[in-house]
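I am attaching a structure below and will ask some questions about it afterwards.
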Amino acid sequence: MPLTAESAAQQIQERLKDIQQHIHVVDEERRRAENSIASLVRSLQATNQKVKPLLKASLMEASQEEATIRAALAKIHEIRSIRNERRIQARNAGNKEAIRRGALMKMVQLSAQTLPLFVGKLGERAPALCGAIPAEGNYVAKIGDNVAALAKGIDDEENWILAEVVQFLLRQNKYDVIDIDEEQKDRHVLSKRKVIPLPLMRANPETDGHALFPKDTVVMALYPQTTCFYKAIVHRLPQTATEDYEVLFEDSSYMNGYAEPLPVAQRYVIAYRPTKKGAGSGSGNLSSA
């Protein structure tokens with residue numbers, strides 16, 4: 001059943017109320033946890049007191065706070081899904097929203113900044129599509145997901161572009177994608193090998209450094225203020241969960257063949273995949289782009 005604007009607004013409001021309640025609960029749980037930790041510290045200083053019961057209580061309160069925070073994050077994810085569903089329905093109904101170039105670039109940047117951060121439980125490893133960890137072989141991107149797509153342009157040259165999944169054609173084992181660039185908005189039907197799903201979560205460098213590309217790795221990265229992926233080398237890794245990579249884009253106009261380092265978000269740094277034109281770049285050379 002189609003999701004109407006009124007229904008979507010109501011569902012979002014309900015979830016916002018739930019989030020507000022979760023925030024109040026988290027605040028209360030945090031105060032209790034702080035008091036418990038203070039009591040635990042005092043007990044540790046007084047060697048004649050047993051600390052094991054206090055330690056168990058502190059761990060339990062911390063677990064309760066974690067569960068509430070995760071519940072709030074789940075509601076945020078539901079809101080994003082509702083908005084995405086409405087946007088897809090509007091597009092399928094022919095209600096195309098005209099977006100100016102500057103606004104599109106801000107949306108691309110915001111999409112990277114608000115990408116969920118993977119926060120695993122003790123001993124849990126970062127899953128597929130977190131940071132640099134690729135999708136599994138049988139994975140199929142969902143409708144509305146952003147991907148890197150190797151598509152032909154007006155000049156018949158293949159380039160890796162930022163695209164959105166319109167549908168997956170199961171019988172053909174191909175994707176139907178659309179260029180997110182409002183000036184193009186071209187549709188492409190491409191085989192799975194010409195489509196790379198983008199990360200669905202950011203990796204935290206402080207806890208999941210294994211889910212980041214190592215320094216000097218050859219990658220494809222979205223060049224700032226464009227919707228094309230180019231060959232680059234990882235120059236510096238993010239140091240915190242909010243930092244970007246610094247990459248060196250291939251550029252023959254420089255003596256060493258690479259431009260000065262530029263920041264690119266985790267969402268738009270993916271494994272390098274050469275095209276038919278060889279080792280030149282993932283999506284052409286910057287000096288000739």
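Atoms considered below: every heavy atom in the structure, side chains included; atoms not considered: hydrogens, waters and symmetry mates.
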**Request:** Test side-chain contact (heavy atoms from CB on, under 4.5 Å) on Asp176 and Arg187 and set out the steps.
**Result:** CA-CA 7 Å; Asp176 179 5; Arg187 293 275 287 267; 2.7 Å; yes
**Prompt:** Can you check whether Lys192 reaches Asn173 side chain to side chain, under 4.5 Å on heavy atoms?
**Reply:**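 In contact.
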**Message:** Checking Val26 against Glu65 for the side-chain contact (heavy atoms from CB on, under 4.5 Å) test, could you report, in this order, the C-alpha distance in whole Å, the side-chain angles of both residues, the deciding distance, and whether it holds?
**Reply:** CA-CA 6 Å; Val26 167; Glu65 183 182 347; 4.3 Å; yes
**Request:** Determine yes or no for a side-chain-to-main-chain donor-acceptor pair under 3.5 angstrom, with Glu85 supplying the side chain and Ile82 the backbone.
**Result:**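 No, Glu85 side chain to Ile82 backbone: no donor-acceptor pair under 3.5 Å.
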**Asked** Is there a path from Leu117 to Leu198 through hydrophobic residues (I, L, V, M, F, W, Y) whose side chains come within less than 4.5 Å of each other?
**Response**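 No, Leu117 does not connect to Leu198 through the hydrophobic network.
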**Request:** Would you kindly confirm whether Val140 and Val165 end up in one hydrophobic cluster when ILVMFWY residues are joined by side chain heavy atoms under 4.5 Å apart?
**Result:**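 Val140 and Val165: one cluster.
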**Request:** To the nearest 0.5 angstrom, please state how far the CG atom of Asp18 sits from the NE2 atom of His22.
**Result:**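 Between Asp18 CG and His22 NE2, I get 5.5 Å after rounding to 0.5 Å.
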**Message:** Are Val189 and Leu169 packed together at the side-chain level, in the sense that at least one heavy-atom pair is separated by less than 4.5 angstrom?
**Reply:**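 They are in contact (side-chain heavy atoms under 4.5 Å apart), so the answer is yes.
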**Item:** Evaluation steps, side-chain contact (heavy atoms from CB on, under 4.5 Å), between Ile76 and Ile19
**Value:** CA-CA 8 Å; Ile76 293 172; Ile19 292 170; 3.6 Å; yes
**Message:** With a 4.5 Å cut-off on side-chain heavy atoms, are Tyr268 and Val108 touching?
**Reply:**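 When only atoms from C-beta onward are counted, Tyr268 and Val108 do touch, with a gap below 4.5 Å.
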**Message:** If you apply the rule salt bridge (Lys or Arg N to Asp or Glu O under 4.0 Å), what do you find for Glu157 with Lys152, and how did you get there?
**Reply:** CA-CA 5 Å; Glu157 186 177 341; Lys152 287 185 179 180; over 6 Å; no
**Message:** Salt bridge check, Glu66 against Arg70: does any charged N sit closer than 4.0 Å to a carboxylate O?
**Reply:**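 Looking at Glu66 together with Arg70, the answer is yes, because their closest N to O distance falls below 4.0 Å.
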**Request:** Quick one: closest heavy-atom pair of Trp160 and Arg273, and the distance?
**Result:**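 Residues Trp160 and Arg273, closest heavy atoms: NE1-O, 3.5 Å.
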**Request:** Test side chain to side chain donor-acceptor pair (under 3.5 Å) on Gln64 and Thr68 and set out the steps.
**Result:** CA-CA 6 Å; Gln64 290 173 346; Thr68 306; over 6 Å; no
**Asked** Using the benzene-type ring in the case of Trp, are the ring centres of Phe249 and Tyr258 under 6.0 Å apart?
**Response**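 No, the ring centres sit 6.0 Å or more apart.
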**Prompt:** Is the shortest side-chain N to carboxylate O distance from Asp181 to Arg101 below 4.0 Å?
**Reply:**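 Arg101 and Asp181: salt-bridged.
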**Request:** Please check if any side-chain donor atom of Asn146 sits under 3.5 Å from a side-chain acceptor atom of Glu164, or the reverse.
**Result:**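 Side-chain D/A pair, Asn146 to Glu164: absent.
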**Prompt:** So, do Tyr175 and His188 sit near enough that their side-chain heavy atoms are less than 4.5 Å apart?
**Reply:**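 No, their side chains stay 4.5 Å or more apart.
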**Request:** With rounding to the nearest 0.5 Å, note down the distance linking CD in Glu206 to CD in Gln239.
**Result:**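 So the CD of Glu206 and the CD of Gln239 are separated by 9.0 Å.
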**Item:** Shortest non-hydrogen contact between Tyr272 and Val218, atoms and distance
**Value:**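 Closest heavy-atom pair between Tyr272 and Val218: CB-O, 3.4 Å.
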**Rounded distance (nearest 0.5 Å) linking atom CG of Leu104 with atom CD of Gln225** =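 The distance works out to 9.5 Å.
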**Neighbour count above 12 (heavy atom, 6.0 Å) for Lys142 NZ** =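 Count not over threshold, so no.
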**Request:** State, to 0.1 Å, how close Ile270 and Pro199 come at their nearest heavy-atom pair, and which atoms those are.
**Result:**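 Heavy-atom minimum between the residues: CG2-CD, 4.3 Å.
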**Request:** Looking only at non-hydrogen atoms, find the nearest pair between Ala265 and Ala112 and report the distance.
**Result:**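 For Ala265 versus Ala112, the nearest heavy atoms are CB-CB, 3.5 Å.
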**Message:** Please determine whether a side-chain nitrogen of the Lys or Arg among Glu243 and Arg236 lies less than 4.0 Å from a carboxylate oxygen of the Asp or Glu.
**Reply:**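 Yes.
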**Message:** More than 12 heavy atoms of other residues, nucleotides or ligands under 6.0 Å from NE2 of His77: yes or no?
**Reply:**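 No - once you tally the heavy atoms of other residues, nucleotides and ligands closer than 6.0 Å, there are 12 at most.
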**Request:** Kindly give the heavy-atom pair with the smallest separation between Pro127 and Met201, and that separation in Å.
**Result:**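 Here Pro127 and Met201 meet closest at CG-CE, 3.4 Å.
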**Request:** For the residue pair Asn35 and Arg32, confirm or rule out a side-chain donor-acceptor distance under 3.5 Å.
**Result:**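 No donor-acceptor contact under 3.5 Å links the two side chains.
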**Prompt:** For Pro263 and Pro224, which heavy atoms make the closest approach, and how far apart are they?
**Reply:**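 Taking every non-hydrogen atom into account, O-CG, 3.9 Å.
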**Flag side-chain contact, heavy atom, 4.5 Å: Cys228 against Tyr223** =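 No, too far: nothing below the 4.5 Å cut-off.
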**Prompt:** Taking a hydrophobic cluster as the set of Ile, Leu, Val, Met, Phe, Trp and Tyr residues connected by side-chain heavy atoms closer than 4.5 Å, whether directly or through intermediates, do Leu222 and Tyr245 fall within one such cluster?
**Reply:**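 Both belong to a single hydrophobic cluster.
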**Prompt:** Are Met107 and Phe229 connected, step by step, through hydrophobic side chains (Ile, Leu, Val, Met, Phe, Trp, Tyr) whose heavy atoms are closer than 4.5 Å?
**Reply:**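 As far as the 4.5 Å side-chain criterion goes, Phe229 and Met107 are connected within one cluster.
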**Request:** Could you tell me whether the side chain of Glu29 and the main chain of Glu61 form a donor-acceptor pair under 3.5 Å?
**Result:**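 No, because the side chain of Glu29 does not come within donor-acceptor range (under 3.5 Å) of the backbone of Glu61.
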**Message:** Does Ile88 form a side-chain contact (heavy atoms from CB on, under 4.5 Å) with Ile143? I'd like the steps, not just the answer.
**Reply:** CA-CA 8 Å; Ile88 292 169; Ile143 295 172; 3.7 Å; yes
**Asked** Just how far is it from atom OG of Ser111 to atom CZ of Arg267, taken to the nearest 0.5 Å?
**Response**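 Nearest 0.5 Å value for the OG-CZ distance: 3.5 Å.
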**Request:** Check the surroundings of atom CD in Glu136: do more than 12 heavy atoms from other residues, nucleotides or ligands lie under 6.0 Å from it?
**Result:**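 Atom CD in Glu136 is not crowded, with 12 or fewer foreign heavy atoms closer than 6.0 Å.
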**Request:** Calculate, to the nearest 0.5 Å, the distance between atoms CG and NZ belonging to Leu73 and Lys75 respectively.
**Result:**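 Atom-to-atom, Leu73:CG and Lys75:NZ are 12.5 Å apart.
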**Message:** Donor-acceptor pair, distance only, cut-off 3.5 Å: does the side chain of Thr217 make one with the backbone of Phe213?
**Reply:**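 No, the answer is negative, given that no donor and acceptor are paired below the 3.5 Å cut-off.
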**Message:** Just checking Arg15: does its CZ atom have more than 12 heavy atoms from other residues, nucleotides or ligands closer to it than 6.0 angstrom?
**Reply:**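 Yes, the 6.0 Å shell around CZ holds more than 12 heavy atoms from other groups.
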**Request:** State, yes or no, whether a side-chain contact exists between Leu16 and Gln13 at a heavy-atom distance under 4.5 Å.
**Result:**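 Side-chain contact under 4.5 Å: yes.
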**Prompt:** Does some side-chain heavy atom of Arg83 sit less than 4.5 Å from a side-chain heavy atom of Arg86?
**Reply:**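 Not touching, per the 4.5 Å side-chain cut-off.
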**Prompt:** Can you tell me how far CE of Met60 sits from CG of Leu55, rounded to the nearest 0.5 angstrom?
**Reply:**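 Result: 11.5 Å between the selected atoms.
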**Request:** May I ask you to test the Arg80-Thr114 pair for a side-chain heavy-atom distance under 4.5 Å?
**Result:**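 In short, these two side chains touch, coming nearer than 4.5 Å.
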**Prompt:** Same hydrophobic cluster for Met220 and Leu212, using side-chain heavy-atom links shorter than 4.5 Å among ILVMFWY?
**Reply:**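 Same cluster: Met220 reaches Leu212 through Ile, Leu, Val, Met, Phe, Trp or Tyr contacts under 4.5 Å.
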